[in-house]
Amino acid sequence: MNQAAPSAQRPALAAPMGLFLPCAGGTEGLLADEVQVLLQRHAGVAGVTPGLPVATRRGGVAIEPEAAGVRDVLRLAMLFNLESRLAQRVLLRLAGGPYRDEGDLYALAARQAWTDWITPQQALKVDVTAVRSPLRSINFAALRVKDAVCDVLRAASGARPDVDTRRPDLPIVLHLEEDWATLYVDTSGEALFKRGWREDKGEAPLKETLAAAMLAAAGWAGRAEDGPLFDPCCGSGTLLIEAAQIACDIAPGGQRRFAFERWPVWQPLKAQWLELKAAAKARVRPSEVALHGGDVSFRLTDYARRNAERAGVLAAVDIKTADALQVLPPAPAGTMVLNPPYGERISPKGSKTARDEAPSDFYQRLAAHWKRQYAGWTAWILSPDPKLPGAMRLKESRRVPMWNGPIECRLFRFDMIDGSMRR
Ligand SMILES: C[S@@+](CC[C@H](N)C(=O)[O-])C[C@H]1O[C@@H](n2cnc3c(N)ncnc32)[C@H](O)[C@@H]1O
């Protein structure tokens with residue numbers, strides 16, 4: 001798994017189940033805010049109650065519904081899978097306990113009621129994340145947990161499930177710290193950035209979850225007062241489409257399936273799940289704000305349009321093939337949010353830009369163009385280059401650290417006020 005490991009979660013041995021939602025590093029606070037908003041907004045729906053303890057941890061957010069039964073926790077997992085834009089997945093904690101060796105891990109796993117979670121006809125997979133674990137082989141730890149699940153099922157029914165590392169019905173996550181092990185089931189299956197609408201992608205597409213975190217950090221929530229949004233380097237359209245879905249109130253998970261839908265323990269909740277999805281569909285509305293995207297590559301604007309169509313927001317977006325170094329603002333004022341081409345990943349290729357031009361020249365020219373033409377706009381740029389403001393000769397008004405996978409980035413805010421922000 002490439003997600004940050006859930007850390008510092010040490011529930012008492014008999015603690016009830018809880019949820020852990022991993023997210024991109026630096027976005028934990030934004031995800032905690034999103035979780036609180038979702039709990040408020042959906043209070044009463046499918047048994048969801050506001051006021052649950054929500055804690056920000058390194059790499060994610062923990063939700064600890066006190067004294068909740070498995071179905072209560074699964075209901076919450078349904079909600080976050082369907083509605084969270086920032087979570088990378090929704091992990092449900094089954095159990096935790098101290099360990100010294102693989103025998104302890106086998107014993108911990110063998111105590112769980114796996115017949116609730118998987119049938120012998122289905123397949124499982126065990127992923128391990130580890131922080132300072134003394135074990136020599138993480139793979140062996142995974143194998144012992146797999147053995148425990150299979151032994152529990154064989155004892156109950158005489159047959160055991162298979163292993164499928166690509167599309168398991170039951171993805172299990174074992175998280176190991178120095179002397180503590182936690183067992184989770186992954187209710188999402190495929191990572192949540194896979195919304196189900198992106199089939200066409202460019203060379204360096206942004207994950208949908210990080211695009212949503214950028215918009216949240218910018219405070220842009222698709223309300224009329226948030227004003228127009230413009231991504232002048234939109235590539236396959238991730239930011240723009242994410243923004244359009246927010247503006248139209250489209251649930252991010254409405255177009256995909258989740259691992260929990262295959263679990264025996266979840267089957268009694270199916271009617272509630274269908275209700276939750278139907279309510280999400282019924283609330284979709286036209287956008288109140290204008291959404292613009294541009295890219296210098298015709299191929300990519302074509303991809304962006306096709307993706308927007310699949311995401312149900314084609315009517316809400318305006319996408320043009322244009323050079324960011326020349327394109328005029330689509331409105332007198334608004335918010336730009338973008339992850340422009342950077343360094344070796346993609347070279348800037350505006351029409352007047354030499355192929356071998358240094359990235360800093362591209363940024364200098366972009367800033368000069370914005371200073372001349374974009375007074376009244378705010379630009380939020382995600383970049384791995386801490387010296388970007390210097391290269392643009394602009395002073396940032398905010399700098400938000402954010403990890404794009406393994407790459408440490410910052411989201412810079414620049415307010416374009418008639419060239420007065422020049423250094
Ligand atoms: C890092 S990618 C953006 C990826 C995008 N956020 C996505 O998720 O697909 C940068 C994009 O900038 C575009 N680009 C490069 N030079 C440009 C220019 N001068 N004007 C507009 N777009 C440009 C590239 O074609 C590329 O699609």
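Each ligand, and each atom within it, is numbered from 1 in the order the structure gives.
Those atoms of ligand 1 with a heavy atom of Ala322 less than 4.0 angstrom away are 20 (N), 21 (C). Applying the 4.0 Å criterion to heavy atoms of Phe362 picks out, from ligand 1, the atoms 19 (N). Close contacts between ligand 1 and Pro232 involve ligand atoms 21 (C), 22 (N) [criterion: under 4.0 Å to a heavy atom]. Every atom of ligand 1 with a heavy atom of Ser236 under 4.0 Å away is listed here by number and element: 7 (C), 9 (O). If you number the atoms of ligand 1 from 1 as listed, the ones under 4.0 Å from a heavy atom of Asp323 come out as 18 (C), 19 (N), 20 (N). Here is the list of ligand 1 atoms found below 4.0 Å of a heavy atom in Leu300: 25 (O), 27 (O).
Under a 4.0 Å N-O distance rule, the pair Arg132/Glu177 does not qualify as a salt bridge. Under a 4.0 Å N-O distance rule, the pair Asp164/Arg167 does not qualify as a salt bridge. Taking the charged nitrogens against the carboxylate oxygens, Asp147 and Arg144 do have a contact shorter than 4.0 Å, which makes a salt bridge. Between Lys395 and Asp415 no salt bridge is recorded (no basic side-chain N to carboxylate O distance below 4.0 Å).
The closest approach between any non-hydrogen atom of Tyr303 and ligand 1 is not below 4.0 Å.
Residue pairs meeting the salt bridge (charged side-chain N to carboxylate O under 4.0 Å, His left out) criterion with at least one partner in residues 17-32, sequence neighbours excluded, do not occur; the list is empty. Here salt bridge (charged side-chain N to carboxylate O under 4.0 Å, His left out) pairs that include residues 213-234, with residues two or more places apart or in two chains, are Arg223-Glu225, Arg223-Asp226.
The heavy atom nearest to atom 5 (C) of ligand 1, out of those in Pro340, Gly237, Cys234, is found in Cys234. Of the listed options Leu325, Thr238, Asp295, Leu210, Asp295 places a heavy atom closest to atom 13 (C) of ligand 1.
Here the side chains of Trp117 and Leu92 are in contact, with some heavy-atom distance below 4.5 Å.
For a threshold of 3.5 Å applied to N or O pairs, the pair formed by Leu206 and ligand 1 contains at least one separation below that value.
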